[in-house]
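A short worksheet on the structure shown next.
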Amino acid sequence: MKILAVDTSCDDSCVAMMDSSQWQLNADVVLSHVNQMSSFGGVVPEIASREHLKGLPMALDEALTKACCSLTDIDWFAVTQGPGLVGSLLVGVSYVKALAFALQKPFSILNHVEAHLFSPLLATLEGKEAPQFPWIALVASGGHTELFVVRDLLTYEWLGGTVDDAAGEAFDKVGKLLGLGYPAGPAIDRWVKSMACEQHHNRFAFPRAKMDGYDFSFSGLKTAVMLQTKKLGTASEDDKLAIATCAQDAIVDALCENVWKAQEELGIKQSVVCGGVACNERLRAKLPGAFFPAARHCTDNAAMIALLAGLYERCGRLQSAPWNSTAKPSLSYFQKEK
Ligand code: KG4
Ligand code: ZN
C-alpha cells in the first residue's frame, strides 16, 4: 500500500511517501521555516501556519517526484492530528482531508509524539538494524520533553514529562540570553564542543531540579542563567562560553538522570532518544548505549508518520478517520486503548 504522510505540527512542512508492502521509504521531504523564524528569535505560530500554506504544496510536489509517482497512485493518506501548534496542524489536516476527498481515498489522523516513539524503527525501512523492544524512550524537542516505556509495537506507557519548559526550549532560552540566535540548541552544542575546556565545565553550578517520579523542570535553569548574566554585567565571550557549557551540562544531566532511573527501576537495558535535542553531542556521549535515530529523523519529519501508519496497518489497526476530524493541539500521548 502506498501511504502519503504529512506532518505540520510545528514549523517544518513535512511530506513522506512509504510503500508498506515493500516496507520502503520512497520520499522524505522536510521544508524548514527556520530561516523565517530566526529573525523573530523563535517560532511565531501565525507565521508558521502561513508558511505551511506555501510549503506544503512544494513539499508534496517534491515527494511525488522523488517517489516517481502521482497523487492517483496513493492508497492511503496519514496526517499528524496533534499535539502541536493549532494553526500549523489545521493546515496539514485540512490539506490531507482535501486530497483524500478529491481522490476518494481514506486518511488517518495520527499522534506526533507516538510517531517519535517508534521513529527508531525507521531504520528498518532502510534495511538497517533497529533496537529491540522494550525500550525507554526520551522525546526531547523544542515542544516536548517526555519519558516513556515502549513495551512492544504500539504498546507504551508514559512515565513523566516536563512540568514547564521543554529541553529544546531551555537550550533556546539560554541561547537567547547569550545572544546566540534561534534555534540556539545546535549553536550551543557546536560552540561548547569546539571551544570549551574543563574549566568552563566547572565554572557555574546551575540547578538540576529534583522532581517526583520521572518529571523534568527547566524553568529554574533559565532563571539561574538570567541572574548569572546580570551578575556578570557585560559578559566576555569566555564568560558566555562557560555559561553555555554549564547550562548544557545541567540540561543533559537532567535528561540522563531520568533515563538511567527508568532503566534501573523498570529493568530495561535499551534506551532510545528522539526529538531535536537528540542531535546533541554531549547527550550522545553521556548515553553511549542508547539508540539515536538518524539526525534527520530525530527532528520533525513525516517519515515517522508514514511509518506509524504502516505499523498500524501491520497490526490490523489502521483506521480511516471521519471527514469531520480536526486538529487537536493538546492531543495526549498517554497509553491508548488497544
Ligand atoms: O524536534 P525539533 O526539530 O522541533 C520541535 O521542537 O518539534 O526540535 C527543535 C529543538 C530546538 O529547541 C533546538 O534548539 C533543539 O531541538 N536542538 C538541539 C540540537 N539540535 C536541535 N538542542 C541541543 N543540541 C542540539 N544539537
Ligand atoms: Zn516533534
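First listed ligand is number 1; within each ligand, the first listed atom is number 1. By convention here, the first residue in the shown sequence is residue 1.
- Figure legend: Arg314 and Trp23 shown as a cation-pi pair, the cationic atom lying under 6.0 angstrom from the six-membered ring centre and within 45 degrees of its axis.
- Distances below 4.0 Å separate heavy atoms of Gly185 from the following atoms of ligand 1: 14 (O), 18 (C), 19 (C), 22 (N), 23 (C), 24 (N), 25 (C).
- Residue-to-ligand polar distances place Gly168 within reach of ligand 1: an N/O pair is separated by less than 3.5 Å.
- Not one N or O of Pro183 is nearer than 3.5 Å to an N or O of ligand 1, by distance alone.
- The Zn ion (ligand 2) does not have His144 among its coordinating residues (no N/O/S atom, backbone or side chain, under 2.8 Å).
- The Zn ion (ligand 2) has an N, O or S atom of His112 inside 2.8 Å of it.
- Where the criterion is an N or O separation shorter than 3.5 Å, residue side chain and backbone included, Asp12 fails it with respect to ligand 1.
- Counting protein heavy atoms only, atom 15 (C) of ligand 1 is closest to Val277 CG2, 4.0 Å.
- Taking atom 4 (O) of ligand 1 as the reference point, the nearest protein heavy-atom neighbour is Asp300 OD2, 3.7 Å.
- The shortest N or O to N or O distance between Gly275 and ligand 1 is not under 3.5 Å.
- Where the criterion is an N or O separation shorter than 3.5 Å, residue side chain and backbone included, Phe171 fails it with respect to ligand 1.
- Below 3.5 Å of separation, one finds no N or O of Thr299 facing any N or O of ligand 1.
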Exercise. Could you please spell out the steps behind the side-chain contact (heavy atoms from CB on, under 4.5 Å) verdict for Leu307 and Ile3?
Key: CA-CA 9 Å; Leu307 172 79; Ile3 302 171; over 6 Å; no
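- Residue-ligand proximity, Gly276 to ligand 1, at heavy-atom distances under 4.0 Å covers atoms 1 (O), 2 (P), 8 (O), 16 (O), 17 (N), 18 (C), 19 (C), 20 (N), 21 (C).
- By the 30° and 60° cut-offs, the orientation of the rings of Trp323 relative to Phe107 is tilted.
- Looking only at N/O/S atoms, Asp300 comes nearest to the Zn ion (ligand 2) through OD1.
- Against a heavy-atom cut-off of under 4.0 Å, Asp189 is close to the following atoms of ligand 1: 24 (N), 25 (C), 26 (N).
- Relative to the six-membered ring of Phe292, Arg284 meets both conditions, a distance below 6.0 Å and an angle of at most 45° to the axis.
- Paired with Ser217 under the rule side chain to side chain contact (heavy atoms under 4.5 Å, CB included), one option of Asp165, Val163, Thr162 passes, and it is Val163.
- Remark: ligand 1 atoms within the under-4.0 Å shell around heavy atoms of Gly143 are 6 (O).
- Lys105 forms no cation-pi arrangement with Phe77, by the criterion of a distance under 6.0 Å to the ring centre and an angle within 45° of the ring axis.
- Here the heavy atom of the protein found nearest to atom 24 (N) of ligand 1 is Asn280 ND2, 3.0 Å.
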Exercise. Assess whether side-chain hydrogen bond (donor to acceptor under 3.5 Å, both in side chains) is satisfied between His201 and Thr245, documenting all intermediate values.
Key: CA-CA 6 Å; His201 285 280; Thr245 306; 5.6 Å; no
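- Counting heavy-atom neighbours within 6.0 Å of Asp152 CG, excluding the residue itself, gives a total above 12.
- Annotation: atom 6 (O) of ligand 1 to nearest protein heavy atom, Gly142 N, 2.7 Å.
- Within 6.0 Å of the CE atom in Met1, the count of heavy atoms belonging to other residues, nucleotides or ligands exceeds 12.
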Exercise. Could you check His116 against Asp300 for side-chain hydrogen bond (donor to acceptor under 3.5 Å, both in side chains), going step by step and ending with a plain yes or no?
Key: CA-CA 8 Å; His116 272 304; Asp300 285 348; 3.2 Å; yes
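- In the vicinity of Asp172, heavy-atom distances shorter than 4.0 Å reach the ligand 1 atoms 11 (C), 12 (O), 13 (C), 14 (O).
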Exercise. Please step through side-chain contact (heavy atoms from CB on, under 4.5 Å) for the pair Tyr214 and Glu265, ending with a clear verdict.
Key: CA-CA 11 Å; Tyr214 298 104; Glu265 289 183 356; 2.6 Å; yes
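- No side-chain heavy atom of Val252 sits under 4.5 Å from any side-chain heavy atom of Glu281.
- On a distance-only criterion, His116 and ligand 1 share no N/O pair closer than 3.5 Å.
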